[in-house]
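Okay, so here's the structure we're looking at.
No hydrogens, no waters, no symmetry mates; every other heavy atom, side chains included, goes into these values. This structure is a prediction, so every number in the text was calculated from the model and none was measured.
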Amino acid sequence: MEKVPMTIGGHAKLEEELKHRTSVERPRIIQAISEARAHGDLSENAEYHAAKEAQSHNEGRINELEDKLSRAEVIDVTKLSGDKIKFGATVTLIDEDTEEEKTYQIVGDAEADVKEGRVSISSPISRALIGKEVGDSVEVAAPGGARSYEIAEVKFI
């Protein structure tokens, strides 16, 4: 069984979503199904079919969350240190073409969110950064073409 690396915050977020789906969403959907069932003929009851579909989606997500949480390898990033980039590192990069500065934290697949500066350990940028240190230059094969970055800072927060 393959372990899924994640930060403490990412693990807590998944647990919170699981709790919400089991204690709030599941009862709400069951109520919707029973109300739709009371309307009679199920073969032409759109509310019933929509509620059953929502139930299927919710149960699938619950199973997915339970699987990820059971395989989670929670890593406390604040206890990590060193100069080399590894899982959990917060990295400040400078685009060598535009001089634009970007900061990313390398996290597990389940908690990645580029808009919030968290990139997956399996993303092209993370794979290019792992093992490098401040001052190194990396080339990232991105969907929009190759980009070159200089590593300005590495920290574990």
Stepwise salt bridge (Lys or Arg N to Asp or Glu O under 4.0 Å) test for Asp95 and Lys102: CA-CA 8 Å; Asp95 189 311; Lys102 295 180 180 185; 5.2 Å; no
Glu64 vs Lys68, salt bridge (Lys or Arg N to Asp or Glu O under 4.0 Å): CA-CA, chis, key distance, verdict: CA-CA 6 Å; Glu64 184 181 337; Lys68 284 180 183 170; 3.2 Å; yes
Candidate pair Met6 and Asp109, rule side chain to side chain contact (heavy atoms under 4.5 Å, CB included), full reasoning: CA-CA 8 Å; Met6 63 181 69; Asp109 294 336; over 6 Å; no
Worked check of side chain to side chain contact (heavy atoms under 4.5 Å, CB included) between Ile157 and Val77: CA-CA 6 Å; Ile157 49 173; Val77 177; over 6 Å; no
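When all heavy atoms are compared, the tightest approach of Val154 to Val134 is N-CG2, 3.8 Å. Here the closest non-hydrogen pair linking Ile85 and Leu129 is CB-O, 3.4 Å. When all heavy atoms of Phe87 and Val107 are compared, the closest pair comes out as CE1-C, 3.3 Å. Closest heavy-atom contact between Arg118 and Glu116: NH1-OE1, 3.0 Å. Pairing each heavy atom of Pro124 with each of Ala141, the nearest pair is CB-O, 3.7 Å. Among all heavy-atom pairs drawn from Ala152 and Ile94, the shortest one is CB-CD1, 3.9 Å.
Glu101 and Thr92 are not linked by any side-chain donor-acceptor pair at a separation below 3.5 angstrom, with hydrogens and angles left out of the test. No hydrogens or angles considered: nothing links the side chains of Glu59 and Gln55 as a donor-acceptor pair under 3.5 Å.
Summarising the local packing, CD of Glu53 is surrounded by 12 or fewer heavy atoms from other residues, nucleotides or ligands at distances under 6.0 Å. Other residues, nucleotides and ligands place no more than 12 heavy atoms under 6.0 Å from the NE2 atom of His57. Within 6.0 Å of CD in Glu15 there are more than 12 heavy atoms belonging to other residues, nucleotides or ligands.
Taken to the nearest 0.5 Å, the CG atom of Leu18 stands 9.0 Å off from the OG atom of Ser23. For the atom pair CG of Leu65 and OG of Ser70, the computed distance is 11.0 Å after rounding to the nearest 0.5 Å. Interatomic distance, CD of Gln105 versus NZ of Lys155, reported as 10.5 Å (0.5 Å rounding).
Residues Arg37 and Tyr48 are in side-chain contact: their nearest non-hydrogen atoms beyond the backbone lie under 4.5 Å apart. At least one side-chain heavy atom of Leu80 sits under 4.5 Å from a side-chain heavy atom of Ile75. The shortest distance between side-chain heavy atoms of Thr103 and Val91 does not fall below 4.5 Å. Considering only heavy atoms from C-beta on, Ile121 stays 4.5 Å or farther from Arg127 through its side chain. Contact annotation: the side chain of Leu93 approaches that of Tyr104 to within less than 4.5 Å [non-hydrogen atoms, C-beta and beyond].
The main-chain N or O of Val4 is never found under 3.5 Å from a side-chain atom of Arg71 such that the two would form a donor-acceptor pair. Of the possible polar contacts, none joining the His11 side chain to the Glu73 backbone as a donor-acceptor pair under 3.5 Å is found. Asp76 contributes no side-chain N or O that, together with a main-chain N or O of Ile8, makes up a donor-acceptor pair within less than 3.5 Å. Between the side chain of Ser123 and the backbone N or O of Val119, no donor-acceptor pair lies under 3.5 Å. Looking only at distances, a side-chain donor or acceptor of Asp136 sits under 3.5 Å from a matching main-chain atom of Glu133. With hydrogens and angles disregarded, no donor-acceptor distance shorter than 3.5 Å links the side chain of Ser126 to the backbone of Ser122. Remark: side-chain polar atoms of Glu111 are paired, donor with acceptor, to backbone N or O of Thr7 under 3.5 angstrom.
Here Arg61 pairs with Glu17 in a salt bridge; the nearest charged N to carboxylate O distance falls below 4.0 Å.
Both cation-pi conditions hold for Lys86 and Phe156: the charged atom is under 6.0 angstrom from the six-membered ring centre and inside a 45 degree cone around its axis.
Listed by chain and number, the residues in a side chain to side chain contact (heavy atoms under 4.5 Å, CB included) with Asn58 are Arg21, Glu25, Arg26, Ile29, Ile62 (sequence neighbours excluded).
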